[in-house]
Amino acid sequence: MSKEQSCVLKAWEVTMRKTQQAKKRANSIFGTVPVALQTDDDATTTEENDDEGSTNTSSVGELYHEERVLPNGDYYTGQWYDSFPHGHGKYLWTDGCMYIGEWHNGKTMGKGKFGWPSGAMYEGGFKSGYMDGIGTYTGPSGDTYKGQWVMNLKHGHGIKSFANGDVYDGEWRRGLQEAQGKYRWRDESYYIGEWKNGTICGKGTFVWSMDGSRYDGFWDDGFPSGNGTFKWDDGSFYVGHWSKDPEEMNGTYYPSGNEGTLEWDPKEVFDNLSEYKICSGERVPVLPSQKKLSVWNSSKRGEKPRRISVDGRVSVGLDRAFEKMNMWGSESGEGAADIDSTTRRDLDAEIVRLEAEGLIQSLRPSPVPMRLPKAGKKPGETISKGHRNYELMLNLQLGIRHAVGKQAQVVTLDLKHSAFDPKEKLWTRFPPEGTKYTPPHQSSEFKWKDYCPLVFRSLRKLFKVDPADYMLSICGNDALRELSSPGKSGSFFYLTNDDRYMIKTMKKSETKVLLRMLAAYYNHVRAFENTLVIRFYGLHCVKLSTGTIQKKVRFVIMGNLFCSEYSIHRRFDLKGSSLGRTTDKPESEINSNTILKDLDLNFIFRLQKAWFQEFIRQVDKDCEFLEQERIMDYSLLVGIHFREASVAGELIPSGARTPIGEFEDETAPRLSRVDVDQLLSDPTRWASIRLGGNMPARAERTMRRSDCEFQLVGEPTGEYYEVVMIFGIIDILQDYDISKKLEHAYKSIQYDPTSISAVDPRLYSRRFRDFIFKVFTEDD
């Protein structure tokens with residue numbers, strides 16, 4: 001028993017002696033769960049203690065050995081601390097699952113072994129309830145994986161041996177083969193080369209074991225695609241362009257000697273490869289982090305056990321948590337303490353006295369817990385008939401429907417230089433009565449311009465945007481929504497009804513910047529699939545005629561970063577500068593839609609090692625690209641979804657128990673740990689987890705020093721919250737032109753030059769990265 005707890009009990013005894021039934025009440029309160037405390041130095045058994053007529057009572061805060069069968073039938077034996085497994089222990093569930101290994105405050109943490117009733121077994125590292133680290137999984141049918149894991153997914157280098165005899169040795173990302181790897185089939189044929197999302201894609205070599213022939217070249221979706229060479233074991237070879245479409249196939253055969261022409265069809269290679277399937281392997285039946293612990297917190301008879309997941313999260317909607325700091329709290333039920341208000345007041349006074357005398361540390365609650373922000377309304381005003389921009393919306397929808405509907409399917413992503421020419425644009429006239437190519441409409445006559453249509457068509461294909469879905473989102477029956485006020489640049493923003501796309505009106509200067517950097521942008525997003533820069537889907541112009549006045553409205557269609565199945569509770573726009581980087585709204589007006597800024601940020605985001613390394617690499621690449629294009633004033637837009645909150649709206653720190661006296665509502669809208677586990681266990685949904693998209697992470701609360709007004713990153717508090725993060729780099733169309741240079745010169749006279757946003761792109765890139773790499777860190 002610690003000194004603090006001894007002092008608390010002493011205070012309690014002093015108070016209870018003032019009552020008429022001190023002895024009776026003391027026995028009822030101190031009647032905690034009897035356990036036998038075992039250490040290496042003292043192996044006194046329960047039986048010996050019973051013979052001596054003593055009762056061993058382990059108070060909260062001591063590490064001791066526990067062995068019990070819980071009321072629901074679960075069984076635990078091992079070390080115990082503060083109502084949770086802690087140290088080394090064994091837990092058996094009634095469904096036959098079993099865990100043997102290390103625990104930390106009720107979480108499987110460290111080395112351990114998890115077994116399933118099917119015979120499947122995992123042995124290796126655990127972290128916060130997840131299979132994480134180096135480990136080996138053996139499935140019930142014989143599949144075996146040995147390698148690196150991150151949050152229940154194969155991630156890193158690993159070797160997978162399939163039950164049918166196939167073997168894969170290489171890199172994994174989010175549970176699928178990615179980057180370099182070698183796959184060997186049971187007939188000893190093998191492929192070695194690049195992979196993408198679990199399929200053969202990129203540059204690689206396939207060798208047939210039967211005759212020694214081989215294909216060296218490029219692949220897509222498991223088949224040759226692009227330039228490649230097929231070689232026979234006699235030295236002859238075929239070089240050409242490969243494709244599933246016979247019309248695109250062409251090449252030349254080179255015999256090894258004086259042989260004549262070859263009666264051979266390259267399509268035979270595709271027919272042969274179709275027999276070589278990539279095994280999908282077995283799914284883990286139940287993830288360890290989904291298993292619940294039944295924890296008995298009190299010796300009171302009739303009290304139900306609490307259920308917590310093995311990551312330490314208390315199940316919602318069950319029983320109240322036992323709070324060691326509220327030992328005098330009354331509870332109903334047989335044997336419960338009966339403490340009246342006078343006794344409670346006397347006890348509080350005694351505690352205060354002991355604290356004042358320095359005999360115990362303050363046991364008062366920590367500062368006010370963080371709360372979920374008020375839920376904001378769906379942003380934007382629906383553009384209906386009578387709205388000032390109703391005709392503009394109709395023109396936009398007509399133009400998009402016409403432009404996307406008539407475009408042919410993209411055959412190749414290799415574009416000619418002429419496709420990026422700013423003069424590469426198409427004008428189409430839309431009279432109200434319609435033409436041979438345009439439909440009749442109720443709006444005034446307008447002209448429609450498509451900038452670089454082939455490039456943006458290829459970008460949509462690259463970003464896997466279905467043309468029909470694209471048109472339906474923008475041009476469907478549902479109207480667009482106009483955001484309440486224009487942005488800082490004076491541009492207006494419109495959202496599609498499904499929130500997938502955002503439409504921004506553009507200044508002529510921004511249009512010129514995008515067209516100038518379009519080729520570099522296209523090559524960058526093609527080279528880096530996980531780029532964080534905003535996605536552009538189209539650049540258009542509407543020319544309106546009002547009498548003798550003609551007005552041009554240019555606009556770009558972008559992806560909406562916050563289009564997610566999870567509600568966004570906090571939004572931050574981060575640049576790494578301090579001047580003017582705080583919200584101008586009072587606290588009472590801040591809700592979940594409010595965009596907060598650098599000086600409003602009160603978190604450090606901790607990413608898993610593999611995610612953090614990928615994040616570092618990608619931010620570096622993206623900033624180098626923007627720096628080369630002389631772009632500045634961009635920012636990292638961050639959205640946070642908190643995974644745990646009470647019904648009262650208080651955020652629950654990672655591993656913390658549900659606040660006493662409150663019950664969780666299982667119907668409350670939030671992302672539970674089970675939701676995340678199901679997301680991670682379902683291969684069809686892994687695509688939604690990517691760098692910057694639906695990423696599980698931990699947010700550590702920070703506090704700024706009161707003596708430092710412009711401290712960008714606060715001091716860590718050790719208070720963590722489980723979150724899902726969405727982030728990306730936005731506002732990438734501001735180059736360092738004469739206006740920004742003048743702004744820099746003017747503000748540098750009044751303020752610290754390093755604190756302002758308008759700086760040289762090289763300095764901006766360096767400052768941006770330095771700040772972001774302080775806000776995002778690797779999780780320990």
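For the single chain, residues carry numbers from 1 onward in sequence order.
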Between D498 and S473, is the side chain to side chain donor-acceptor pair (under 3.5 Å) condition met? List the steps. CA-CA 7 Å; D498 59 5; S473 292; 2.5 Å; yes

F605 vs F776, ring-ring contact (aromatic ring centres under 6.0 Å, His included): CA-CA, chis, key distance, verdict: CA-CA 5 Å; F605 305 112; F776 288 78; 5.3 Å; yes

Go through D620 and R769 one step at a time and tell me if the side chain to side chain contact (heavy atoms under 4.5 Å, CB included) criterion holds. CA-CA 8 Å; D620 281 335; R769 280 185 272 188; 3.1 Å; yes

Start with the C-alpha gap between Y501 and Y494, add the side-chain angles, then the distance that decides, and say whether ring-ring contact (aromatic ring centres under 6.0 Å, His included) holds. CA-CA 8 Å; Y501 303 104; Y494 304 92; over 10 Å; no

Show your reasoning for whether ring-ring contact (aromatic ring centres under 6.0 Å, His included) applies to F536 and Y521. CA-CA 10 Å; F536 295 124; Y521 173 83; 5.3 Å; yes

Please lay out, stage by stage, how Y451 and F456 fare under the test ring-ring contact (aromatic ring centres under 6.0 Å, His included). CA-CA 8 Å; Y451 293 94; F456 285 102; 8.6 Å; no

Working for side chain to side chain contact (heavy atoms under 4.5 Å, CB included), residues Y253 and V239: CA-CA 7 Å; Y253 170 69; V239 180; over 6 Å; no

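A salt bridge does not link E510 with R554: every distance from a Lys NZ or Arg NE/NH1/NH2 to an Asp or Glu carboxylate oxygen is 4.0 Å or more. Between K196 and D221, none of the side-chain N atoms (NZ, or NE/NH1/NH2) sits under 4.0 Å from a carboxylate O, so this pair counts as no salt bridge. A salt bridge links K575 and D633; the closest N-O separation between the charged side-chain nitrogens and carboxylate oxygens is under 4.0 Å. A salt bridge links D414 with R526; the closest basic N to acidic carboxylate O contact falls under 4.0 Å. With salt bridges taken as basic N to acidic carboxylate O contacts below 4.0 Å, none links K543 and E445. The existence of a salt bridge linking E614 and R690 is excluded, since no basic side-chain nitrogen approaches an acidic carboxylate oxygen closer than 4.0 Å. Taking a cutoff of 4.0 Å between a charged side-chain nitrogen and a carboxylate oxygen, R762 and E627 qualify as a salt bridge. A salt bridge links D499 to R481: one of the charged nitrogens lies within less than 4.0 Å of a carboxylate oxygen.
Using a distance-only test at 3.5 Å, with no hydrogens or angles considered, a donor-acceptor pair links the side chain of R581 to the main chain of D573. Distance alone, capped at 3.5 Å, is enough to place a donor-acceptor pair between the E194 side chain and the K203 backbone. Put simply, the side chain of H540 never gets that close to the backbone of I557: no donor and acceptor are under 3.5 Å apart. Put simply, the side chain of D466 gets close to the backbone of D469: a donor and an acceptor are under 3.5 Å apart. Counting only distance, with no hydrogens or angles, the side chain of H441 and the backbone of L398 share no donor-acceptor pair below 3.5 Å. Judged by distance alone, with hydrogens and angles left aside, the side-chain atoms of Q177 form no donor-acceptor pair with the main-chain N or O of W195 at under 3.5 Å. A donor-acceptor pair is defined here as one N or O able to donate and one able to accept, closer than 3.5 Å; no such pair exists between the side chain of T594 and the backbone of L596.
By the neighbour-count criterion of 12 heavy atoms within 6.0 Å, atom NZ of K449 is densely surrounded, having more than that number from other residues, nucleotides or ligands. Within a 6.0 Å sphere centred on NZ of K267, heavy atoms belonging to other residues, nucleotides or ligands number more than 12. The number of heavy atoms from other shown groups lying within 6.0 Å of CD (Q442) does not exceed 12.
Under the 3.5 Å distance criterion, with hydrogens and angles disregarded, a donor-acceptor pair is assigned to the side chains of D622 and T531. No side-chain donor-acceptor contact under 3.5 Å links S577 and D598. Judged purely by distance below 3.5 Å, without hydrogens or angles, the side chains of D216 and T229 never pair a donor atom with an acceptor atom.
For the ring-ring contact (aromatic ring centres under 6.0 Å, His included) with Y522, the lone residue among F420, F463, F625 that qualifies is F420.
The two residues F572 and L601 come nearest to each other via the heavy atoms CE2-CA, 3.6 Å. Nearest approach of L413 to S458, heavy atoms of both residues: CD2-O, 3.8 Å. C623 and Y634 get closest at one heavy-atom pair: SG-OH, 4.1 Å. Of all non-hydrogen atoms in I278 and G198, the two that sit nearest each other are CG2-O, 4.2 Å. Across E629 and A520, no two heavy atoms sit closer than the pair OE2-CB, 3.3 Å.
Between F223 and F270, the ring-plane angle classifies as parallel under the 30° and 60° cut-offs. Taking the six-membered ring for Trp and thresholds of 30 and 60 degrees, H569 and H641 have nearly parallel ring planes, at less than 30 degrees apart. Aromatic ring orientation, W242 versus Y238: perpendicular (interplanar angle above 60°, classes split at 30° and 60°).
Looking only at side-chain heavy atoms (C-beta outward), L691 and M695 come within less than 4.5 Å of each other. Counting heavy atoms from C-beta outward, L733 and K507 have side chains that stay 4.5 Å or more apart. Between I503 and V556 there is no side-chain heavy-atom pair separated by less than 4.5 Å. Looking at V553 and C541, their side chains never come closer than 4.5 Å, going by heavy atoms from C-beta outward. By the 4.5 Å heavy-atom criterion applied to side chains, F727 and L637 are not counted as neighbours. Between L636 and F768, some side-chain heavy-atom pair lies under the 4.5 Å cut-off. Residues F493 and L495 have side chains not in contact (no heavy-atom distance under 4.5 Å, counting atoms from C-beta outward). Contact annotation: the side chain of L394 never approaches that of L392 to less than 4.5 Å [non-hydrogen atoms, C-beta and beyond].
Rounding to the nearest 0.5 angstrom, the gap separating the CG atom in N591 from the CG atom in L372 is 12.5 Å.
Every residue was checked against the side chain to side chain donor-acceptor pair (under 3.5 Å) condition with D731, not counting sequence neighbours, and none meets it.
Ring to ring, H402 and Y437 are not that close: their centroids are 6.0 angstrom or more apart. Proximity of the aromatic rings of F230 and Y215 is defined here by a centroid distance below 6.0 angstrom, and this criterion is not met.
Relative to the ring axis of F642, R570 does not place its NZ or CZ within 45° and under 6.0 Å from the centre.
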